[in-house]
Every structure is written in structure tokens, then in C-alpha cells.
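Values in this document were obtained by computation on a predicted structure and should not be read as measured data. All chains are named by letter (A, B, ...) in the order of the sequence lines, taking the proteins before the strands, and each is independently numbered beginning at 1.
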Amino acid sequence: TQLLEQSPQFLSIQEGENLTVYCNSSSVFSSLQWYRQEPGEGPVLLVTVVTGGEVKKLKRLTFQFGDARKDSSLHITAAQPGDTGLYLCAGPNAGGTSYGKLTFGQGTILTVHP
Amino acid sequence: EPEVTQTPSHQVTQMGQEVILRCVPISNHLYFYWYRQILGQKVEFLVSFYNNEISEKSEIFDDQFSVERPDGSNFTLKIRSTKLEDSAMYFCASSVRGANVLTFGAGSRLTVL
């Protein structure tokens, strides 16, 4: 079974600070996805990283896929209160017979204080 | 923007009762999924559905669970005889053919008393 471990589990910071969330596994993933989930809502896809070493930017969010495709990070620059939420990493299970079977990390709850 | 819609948003039921959770996937999507998230735990895959049959299911998806696409739009998850441990948020998702990019609904919160 492929597992994804996220750290930290909780992050409470002041507006304007930078932060990094990590997603690690002992298994290789063909791709990794980052989702953001707000209370009462389902996960919303932020980005998919596919190539080892890939870096993708989404405004103040920078996503990186490890060279060995076993880990990923999400870096937020100058965090704002609107960034508050649950951030999830997820990856497709290897050996599955269908698409869409994702393994999720346990999530990082980010709180940005004004 | 197209979205996946789920009903009900919250259902409270007694242990042993049958529950049906409903989902309307995005219209041009062909793959459909159910995931669940027990409070404080990870989002877990339950089942994937394509071409009117189950493609894959997890160990959680035992005989108490079933899925159906009764018409061209709805995708349902039925729990035959609910248990306390079935209390969770149930998320429906859909995707286009051959992609691991899923669009999730807002979820249905099931509370079993």
C-alpha cells in the first residue's frame, strides 16, 4: 500500500510569513496532486505535478515534485488570511486497474492570522 | 464552471437503516467515484465506476455498499444497513476519460446514531 505523509499537520502563522508543507512517501508516484479543502466543501485541485524535479507556480504558491517522484512540497510566499484551509496531497495508486483511485495524505491545516 | 452536486448535504439516520446518497457528476465526465472522510482521518477511496460497472473498489466497500447509475445523470451510493462507523463525509467525484484529475462535490455528511 502506498502511503503519503504530510507535515506539519498544523501550521499557524501571521499574515506575510512564508511557509512550506511537505508530502513524503517511500513509494514512487507517477504524479502528485495538491488540493485545498475548505470547511463544508470538497477538495479542490490546485495543481498536478508529473515530472521529477518539476516546479509549478500558482501566484504565491510554488509546488515542487521531487527528483525521485517520492515527495512534493508546497511553498506559500507572503501568506494571507485567504490562504487558510486544509491542504491535501494525493497521488494515483500504482497497479490499480482504473484511473482516479487516489491515495491522500492526512492533510495540513493552515491558519493565517491577520 | 461545471460542478459535481451532491444531496443531501447532511443526513442523520439510525443504525441499521438504509441510506442513499446522490450525486450528479459533470455531464461530459465518464468516470465516477465515491470517497469518504471520517472526521479527523484521511480521505479514503471507496469505489470507481465506469461504463455502468464498478472498475475498482477498496476493502472498505463491502457487501453493505452498492453504487448505481439509475439514469443518465445520477450516481448513487447506497449503504444497506448503516453502522456507527459509517458516520463520515462522503464525497462524489468525476473525471474525464483516462485522467487522474478529479472534480469533487461538496460532500454529504452522514451521521449514524
* To do: Run the numbers on A:His75 and A:Thr62 for side-chain hydrogen bond (donor to acceptor under 3.5 Å, both in side chains), then give the verdict.
  => CA-CA 5 Å; A:His75 182 80; A:Thr62 302; over 6 Å; no
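- At a 4.5 Å heavy-atom cutoff, B:Phe32 makes no contact with chain A through either its backbone or its side chain.
- Among the residues in residues 17-45 of chain A, those with a non-hydrogen atom closer than 4.5 angstrom to a non-hydrogen atom of chain B are A:Gln33, A:Tyr35, A:Gln37, A:Gly40, A:Glu41, A:Gly42, A:Pro43, A:Leu45.
- For B:Glu59, the CD atom sits in a loose shell: 12 or fewer heavy atoms of surrounding residues, nucleotides or ligands are nearer than 6.0 Å.
- With respect to the salt-bridge test (charged N to carboxylate O, under 4.0 angstrom), the residues A:Lys101 and B:Glu56 qualify.
- Surrounding CZ of B:Arg69 are more than 12 heavy atoms belonging to other residues, nucleotides or ligands, all under 6.0 Å away.
- With a 4.5 angstrom heavy-atom cutoff, A:Leu86 touches chain B only via side-chain atoms.
- B:Tyr33 and B:Tyr31 have parallel rings, their planes meeting at less than 30° on a 0 to 90° scale where 60° marks the start of perpendicular.
- More than 12 heavy atoms of other residues, nucleotides or ligands shown are found within 6.0 angstrom of CG on B:Leu84.
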* To do: Please test B:Ser73 against B:Asp71 for side-chain hydrogen bond (donor to acceptor under 3.5 Å, both in side chains), starting from the C-alpha separation and ending with a verdict.
  => CA-CA 6 Å; B:Ser73 59; B:Asp71 52 43; 3.2 Å; yes
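- For a residue to count as touching a neighbouring chain, one of its non-hydrogen atoms must lie under 4.5 Å from one of that chain's; by this rule B:Gln6 does not touch chain A.
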